[in-house]
Amino acid sequence: MRTIIEPFRVKVVEPIRMTTREQREQIIRDAEFNLFRIHADDVLIDLLTDSGTGAMSSLQWAGVMRGDESYAGARSWFALEAAVRKLSGFPHILPTHQGRASERILFELIGGPNRVVPNNSHFDTTRANVEHSGAAAIDLLIPEGRDPRSRHPFKGNMDVAALERLITDVGGERIPAVFVTITNNSGGGQPVSLENLRAVRRVCDKHGLPMFLDACRFAENAYFIQQREPGQRERSVREIAREIFDMADGATISAKKDGLVNIGGLLLLRSDALAQRADELLILTEGFLTYGGLAGRDLEAMAQGFEEVVDEDYLRYRVRSVEYVGERLLAAGVQIVEPPGGHAVYIDAAAFCPHIPPEQYPGQALVVGLYRQAGIRACEIGSVMFGGAGKRPPMELVRLAIPRRVYTQSHMDYVVEAVTELFAMRGELRGLEIVSEPAALRHFTARFREV
Ligand SMILES: *Cc1c(COP(=O)(O)O)cnc(C)c1O
């Protein structure tokens with residue numbers, strides 16, 4: 001098989017600054033060993049997140065210039081509405097500035113004390129918005145989804161039997177919606193199968209419950225379905241995505257992922273009554289119905305992004321470029337969450353540094369080591385992010401999130417080489433202790449010291 005190449009050429013370049021190991025040593029010390037505290041200019045390859053960090057196409061940049069900045073009824077809004085309607089078929093399309101704004105509006109309407117919201121896995125902002133409304137957020141992932149070595153093709157699937165049990169236990173009247181996150185970001189970027197989505201829909205129909213999607217990575221998920229699910233090979237990604245949207249009563253979307261833009265979001269609704277109330281909240285806190293907290297140029301770029309993201313040459317390259325990093329790391333003996341996800345590779349930090357106990361943050365030791373070694377910024381997803389107050393997450397992970405259309409294969413080769421070198425000298429990685437931390441979301445601002 002030939003190399004799957006980037007299906008684009010480069011028109012604008014953005015220099016990245018080379019640093020020496022000595023400089024990085026000083027930078028990481030000054031930042032008190034927290035990668036969120038360093039300047040992005042001091043990072044060589046930034047794999048902190050895939051959210052809003054992608055590169056726009058020439059047509060998207062042309063759209064930025066075409067953007068209509070009228071307060072109401074802007075042409076750019078109608079372009080976005082048409083693109084999203086073609087993709088999803090939803091009757092009510094609300095623009096928001098990002099995914100969590102859609103979540104805040106929705107859960108203000110359907111959440112509240114004594115309510116329960118099931119999901120395969122809540123993303124952290126989704127959980128926070130559910131809980132902020134007073135409702136409980138429950139994760140019902142299949143057991144394979146929590147096993148880093150399981151090669152199940154759809155590790156993002158919801159445990160449908162557990163969903164049935166939850167409905168019986170708490171009563172359907174307390175469940176305002178059943179959520180499914182595609183792909184499952186908190187669970188390694190793993191996809192959900194069409195079969196599983198249909199099964200969730202059947203359970204929802206049986207109990208008269210609405211089904212909602214957290215559809216940030218709907219295109220990557222649809223591509224995995226096309227590639228992995230029996231009988232789906234001949235269908236287009238657009239067709240599969242449309243079937244998924246047709247099943248749902250609503251969706252929250254951060255366009256910073258599969259919208260291929262740097263800022264933007266959507267709330268999609270089927271119910272006229274719910275949409276009317278959501279429109280009122282949108283105007284109250286985001287903006288008028290035809291811009292929702294965004295500039296006209298942002299709407300125009302989003303309209304084009306939602307066209308480009310279902311291009312199958314793009315998706316083949318996208319999924320392959322992440323898989324390539326995962327395969328090479330596995331070949332070098334580095335344990336990752338298998339198989340690689342759609343947007344990121346997750347390194348098993350506990351296996352990488354067995355000499356560092358969880359209370360000395362093996363994931364943080366690894367991200368610090370990777371920055372020192374090669375100027376790469378990755379994200380700890382383990383005891384720093386989810387620990388504290390006696391809590392222990394099930395896994396100690398380091399996420400290498402791959403921005404869309406930004407880095408080339410040689411950048412990724414460099415990343416693989418750096419991780420492999422670090423693996424050879426992993427005995428030198430040192431654990432850390434927290435010097436100071438805020439009350440909540442401590443990973444963003446905590447300060448550390450090496451043990
Ligand atoms: C990013 C993300 C969100 C939140 O979107 P923002 O644009 O960051 O507010 C919600 N759910 C999932 C699965 C995400 O990946």
Side-chain angles (χ1 to χ4, degrees), residues 32-37 48-49 116-132 135-150 152 155-156 158-159 162 166 181 184-190 334-338 341 344-370 378-401 422-423 426-427 429-451:
E32 293 178 86
F33 303 99
N34 186 335
L35 278 291
F36 284 98
R37 301 176 69 95
L48 193 65
T49 174
V116 177
V117 179
N119 202 325
N120 46 352
S121 301
H122 287 86
F123 180 66
D124 55 9
T125 62
T126 322
R127 171 178 298 280
N129 274 292
V130 168
E131 291 176 351
H132 183 70
I138 310 282
D139 291 347
L140 300 173
L141 190 63
I142 56 166
E144 291 89 337
R146 287 186 295 266
D147 171 7
R149 281 154 195 83
S150 162
H152 190 292
K155 286 172 84 169
M158 179 172 270
D159 185 336
L166 179 79
T181 304
N184 188 24
N185 188 5
S186 308
Q190 302 291 328
V334 176
Q335 186 60 54
I336 61 163
V337 174
E338 297 178 68
V345 173
Y346 294 66
I347 299 173
D348 183 342
F352 200 100
C353 0
H355 60 292
I356 302 176
E359 51 278 12
Q360 289 180 13
Y361 310 114
Q364 193 65 20
L366 179 48
V367 297
V368 167
L370 208 50
C379 187
E380 193 266 7
I381 301 195
S383 285
V384 176
M385 191 181 273
F386 295 121
K391 282 185 289 183
R392 232 349 130 239
M395 295 189 271
E396 298 288 344
L397 301 176
V398 165
R399 182 182 69 189
L400 307 175
L422 198 61
F423 189 56
R426 58 190 180 279
L429 290 174
R430 290 165 66 187
L432 296 123
E433 60 190 13
I434 291 182
V435 180
S436 70
E437 61 179 299
L441 294 170
R442 64 178 182 174
H443 54 286
F444 289 122
T445 53
R447 297 162 196 273
F448 300 85
R449 175 164 57 214
E450 283 187 307
V451 179

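This structure is a prediction, so every number in the text was calculated from the model and none was measured. What you see below is based on every heavy atom in this structure, not just the backbone, and it leaves out hydrogens, waters and symmetry mates.
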Return the CD to CG distance between Glu396 and Asp348, rounded to the nearest 0.5 Å. 9.0 Å

So OG of Ser150 and CD1 of Ile142: to nearest 0.5 Å the spacing works out to 7.0 Å

My understanding is that only residues two or more places apart in sequence, or in another chain, count here; which of them pass salt bridge (Lys or Arg N to Asp or Glu O under 4.0 Å) with Arg37? none

Any salt bridge (charged side-chain N to carboxylate O under 4.0 Å, His left out) involving residues 434-451? Give me the pairs, sequence neighbours left out, ordered by first then second residue. Arg29-Glu450, Glu32-Arg447, Arg372-Glu450, Arg430-Glu450, Glu433-Arg449, Glu437-Arg442

Could you pull out all residues at least two apart from Ser121 that satisfy side chain to side chain donor-acceptor pair (under 3.5 Å)? Asn184

So, using side chain to side chain contact (heavy atoms under 4.5 Å, CB included) as the criterion, who are the partners of Phe444 when residues are at least two apart? Phe36, Leu441

Output all residues satisfying side chain to side chain contact (heavy atoms under 4.5 Å, CB included) with His355, sequence neighbours left out; order by chain, then residue number. Cys353, Leu429

Can you name the side chain to side chain donor-acceptor pair (under 3.5 Å) partners of Asp139, sequence neighbours left out? His122, Arg127

Quick one: side chain to side chain donor-acceptor pair (under 3.5 Å) partners of Thr125, sequence neighbours excluded? Glu103

Taking the side chain as every heavy atom from C-beta outward, state whether Leu35 and Val368 have any pair of such atoms under 4.5 Å apart. yes

Sorted by chain and residue number, the side chain to side chain contact (heavy atoms under 4.5 Å, CB included) partners of Met385 (sequence neighbours excluded) come out as Cys379, Glu380, Ile381, His443

Show every salt bridge (charged side-chain N to carboxylate O under 4.0 Å, His left out) that has at least one partner inside residues 354-363, sequence neighbours left out. Glu359-Arg392

Of Val337, Leu366, Ile347, the residue whose pairing with Leu397 passes side chain to side chain contact (heavy atoms under 4.5 Å, CB included): Val337

Could you state the interatomic distance from CD (Gln190) to OG1 (Thr181), rounded to the nearest 0.5 Å? 13.5 Å

Partner set under side chain to side chain donor-acceptor pair (under 3.5 Å) for Arg146, not counting sequence neighbours: none

All salt bridge (Lys or Arg N to Asp or Glu O under 4.0 Å) counterparts of Glu338, not counting sequence neighbours: Arg151

With the side chain counted from C-beta on, respond yes when Leu400 and Leu370 share a heavy-atom pair under 4.5 Å apart, and no when they do not. yes

Separation of Arg399 CZ from Leu48 CG (nearest 0.5 Å): 7.0 Å

In chain order, what residues pass the side chain to side chain contact (heavy atoms under 4.5 Å, CB included) check against Asp124, with sequence neighbours excluded? none

From Leu141 CG over to Lys155 NZ, what is the distance, rounded to the nearest 0.5 angstrom? 9.5 Å

Do Ile434 and Phe448 make a side-chain contact, defined as non-hydrogen atoms from C-beta onward lying under 4.5 Å apart? yes

